[in-house]
Amino acid sequence: MTTAQTPELDVQPTPLALLLLGREADPKSERGVECPGDLPSPSDPDLVARARAAKEKLGDKVFVLGHHYQRDEVIQFADVTGDSFKLARDAAARPEAEYIVFCGVHFMAESADILTSDDQKVVLPDLAAGCSMADMATAEQVAECWDVLTEAGVADQVVPVSYMNSSADIKAFTGKHGGTICTSSNAERALDWAFEQGEKVLFLPDQHLGRNTAVRDMGMSLDDCVVYNPHKPGGGLTAEQLRAAKMILWRGHCSVHGRFSLDSVNDVRARIPGVNVLVHPECRHEVVAAADYVGSTEYIIKALEAAPAGSKWAIGTELNLVRRLANRFAPEGKEIVFLDRTVCFCSTMNRIDLPHLVWALESLAEGNLVNRIEVDKETESFAKLALERMLALP
């Protein structure tokens with residue numbers, strides 16, 4: 001039911017709603033919602049031609065990265081596609097490219113800036129393309145959490161492990177406190193390493209990936225895990241709970257993967273006999289436990305590539321990717337559906353659309369550097385330390 005259908009209700013948008021809609025700005029935020037200059041109209045029939053022309057004019061000076069969750073209209077202009085860490089490494093491997101245009105979200109562009117040279121400039125076509133999960137852990141909140149762990153007498157036993165889907169500030173905190181970064185592909189290896197360094201892990205910012213890796217992959221129990229809520233005094237935990245826990249999970253989640261439920265799994269099995277349920281480890285624990293296969297975005301793609309013709313799959317990840325895979329493998333007779341009946345795109349990923357990409361490319365072609373993402377040197381140094389620890393994992 002919408003406000004338009006119920007005019008008798010005096011419903012006013014909240015400041016947060018206006019911010020998410022791009023109709024207001026938060027001056028204290030690290031990213032804004034404004035685009036300097038005029039965006040091309042989405043109805044402009046020449047957008048594709050304009051993007052091609054600007055990219056051709058820039059030549060080797062520009063390298064366009066496209067995350068798997070981006071719209072098809074944007075992906076068609078990507079020089080490479082992949083997950084966030086793969087793309088950041090691909091950018092670092094192209095030192096001749098002066099401009100790295102990252103079609104993804106803010107933390108991904110930060111990672112690319114950390115890993116590329118000082119001569120390369122990372123551009124995010126829309127500065128409002130953030131990540132709700134990454135934004136669930138701020139530097140101030142994590143510093144306060146560390147104080148809580150110190151007061152409980154356990155900080156010297158704790159090794160932070162931060163998911164790649166985190167801000168540069170959180171990666172820097174992790175590096176400064178002897179921790180490492182992980183991806184959804186190597187989370188188990190990262191946790192194995194962390195438990196060799198200490199007795200406990202502070203896992204940031206996605207509780208589901210941390211829980212699923214610890215319980216499903218490493219044989220821990222749910223009782224070994226506690227959830228630290230940054231919005232409650234002391235994280236909502238007692239000192240005794242912190243001392244008893246092995247995994248201290250940050251109360252964060254992916255707004256897309258977190259929507260899948262056990263009902264979704266049961267429903268699709270009833271509707272499609274013989275279906276294989278394949279989900280991302282950012283999904284809730286009960287969803288992962290009920291699935292047939294669990295893995296990263298790259299794992300999902302490879303699993304479908306190797307699947308036999310005529311097989312049926314329900315995929316629990318972002319809809320742009322699922323729809324692209326369904327179209328790709330339809331000629332092979334593979335039936336691929338979205339796990340949930342309700343359509344759900346990643347709203348912040350979808351902020352990077354063709355008008356924003358055209359605007360960014362044309363601005364660069366005209367010699368105007370726009371929407372640069374630049375991490376300060378101290379933050380970059382500690383964040384890179386954490387990333388290098390990950391790269392050194394066996």
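Everything numeric in this text was worked out from a predicted model, so none of it was measured.
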Hydrophobic cluster identity match, [X] and [Y], side-chain contacts under 4.5 Å:
| X | Y | value |
| --- | --- | --- |
| L237 | L249 | no |
| L319 | I301 | yes |
| M349 | V322 | yes |
| L385 | L393 | no |
| I315 | I75 | no |

Heavy atoms, side chains only, cut-off 4.5 Å: are [X] and [Y] in contact?
| X | Y | answer |
| --- | --- | --- |
| D79 | K55 | yes |
| H285 | H208 | no |
| L242 | V148 | yes |
| L115 | L387 | yes |
| C103 | L357 | yes |
| L191 | M247 | yes |
| V337 | I272 | yes |
| V265 | F260 | no |

- Set of residues satisfying side chain to side chain contact (heavy atoms under 4.5 Å, CB included) with respect to K57, sequence neighbours excluded: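 So K57 forms a side chain to side chain contact (heavy atoms under 4.5 Å, CB included) with A365.
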
From [atom1] ([X]) to [atom2] ([Y]), nearest 0.5 Å:
| X | Y | atom1 | atom2 | value |
| --- | --- | --- | --- | --- |
| I181 | T174 | CD1 | OG1 | 4.5 Å |
| H67 | T297 | NE2 | OG1 | 5.5 Å |
| K121 | N371 | NZ | CG | 15.0 Å |
| F338 | R323 | CZ | CZ | 11.0 Å |
| R259 | S264 | CZ | OG | 8.0 Å |
| S167 | L204 | OG | CG | 9.5 Å |

Would the distance check show the side chain of [X] and the main-chain N or O of [Y] forming a donor-acceptor pair, the cut-off being under 3.5 Å?
| X | Y | value |
| --- | --- | --- |
| S363 | N368 | no |
| Q197 | A194 | no |
| D113 | V375 | yes |
| R251 | M136 | no |
| Q157 | V154 | no |
| K171 | M164 | yes |
| Q120 | A97 | yes |
| K334 | L304 | yes |
| K61 | Y99 | no |
| E332 | F329 | no |

- Test log, rule side-chain contact (heavy atoms from CB on, under 4.5 Å), inputs D118 and K377: CA-CA 10 Å; D118 292 343; K377 291 303 178 185; 2.7 Å; yes

With sequence neighbours left out, which residue pairs that include part of [range] fulfil the salt bridge (charged side-chain N to carboxylate O under 4.0 Å, His left out) condition?
| range | value |
| --- | --- |
| residues 228-243 | E240-R243 |
| residues 179-198 | none |
| residues 281-304 | R269-D292 |
| residues 85-96 | K86-D90, R94-E96 |

If I compare all heavy atoms of [X] with all of [Y], which pair ends up nearest, and what's the gap?
| X | Y | result |
| --- | --- | --- |
| L209 | C182 | CD2-SG, 4.5 Å |
| S43 | S41 | OG-OG, 2.8 Å |
| Y228 | C145 | OH-CA, 3.3 Å |
| T379 | A172 | O-CB, 3.5 Å |

- Message: Please list all pairs meeting ring-ring contact (aromatic ring centres under 6.0 Å, His included) that have one or both residues in residues 186-206, counting only residues at least two apart or in different chains.
- Response: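 Matches after skipping sequence neighbours: none remain.
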
- Message: Tell me if the aromatic rings of Y163 and F85 count as close, with their centers under 6.0 Å from one another.
- Response: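 Centroid separation for Y163 and F85: 6.0 Å or greater.
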
Taking only residues two or more places apart in sequence, or in another chain, which ones meet [X] in a side-chain hydrogen bond (donor to acceptor under 3.5 Å, both in side chains)?
| X | answer |
| --- | --- |
| N327 | none |
| R389 | none |
| D267 | R271, R341 |
| D223 | none |

Scan the side chains in residues 45-53 for donor-acceptor partners under 3.5 Å anywhere in the protein, sequence neighbours excluded, and list what turns up.
unit_1: R50; atom_1: NE; unit_2: E362; atom_2: OE2; d: 2.8
unit_1: R50; atom_1: NH1; unit_2: D44; atom_2: OD2; d: 2.8
unit_1: R50; atom_1: NH2; unit_2: E362; atom_2: OE1; d: 2.8
unit_1: R50; atom_1: NH2; unit_2: E362; atom_2: OE2; d: 3.4

- Query: Does any donor atom in the side chain of H257 or T317 lie under 3.5 Å from an acceptor atom in the other side chain?
  - Reply: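 Indeed, the side chains of H257 and T317 share at least one donor-acceptor pair under 3.5 Å.
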
- Taking atom types as modelled, is there a side-chain donor on Y299 or S184 under 3.5 Å from an acceptor on the other?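 No, no side-chain donor-acceptor contact under 3.5 Å.
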
- Task: With side-chain contact (heavy atoms from CB on, under 4.5 Å) as the test, would you mind laying out the steps for L339 and V279 before giving the verdict?
- Result: CA-CA 8 Å; L339 177 57; V279 303; 3.9 Å; yes

- side-chain contact (heavy atoms from CB on, under 4.5 Å) between L87 and M108, worked out: CA-CA 8 Å; L87 293 176; M108 299 178 186; 5.7 Å; no

- By ring-ring contact (aromatic ring centres under 6.0 Å, His included), which residues pair with F173, not counting sequence neighbours?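 Result, ring-ring contact (aromatic ring centres under 6.0 Å, His included) vs F173: W146, H177.
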
- Task: Report the C-alpha distance between D353 and E73 in whole Å, list the side-chain angles of each, state the deciding distance to 0.1 Å, and finish with yes or no for side-chain contact (heavy atoms from CB on, under 4.5 Å).
- Result: CA-CA 7 Å; D353 56 12; E73 67 187 51; 3.6 Å; yes

- Answer yes or no: does atom NZ of K246 have more than 12 heavy-atom neighbours from other residues, nucleotides or ligands under 6.0 Å?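 It does not: K246 NZ has 12 such atoms or fewer within range.
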
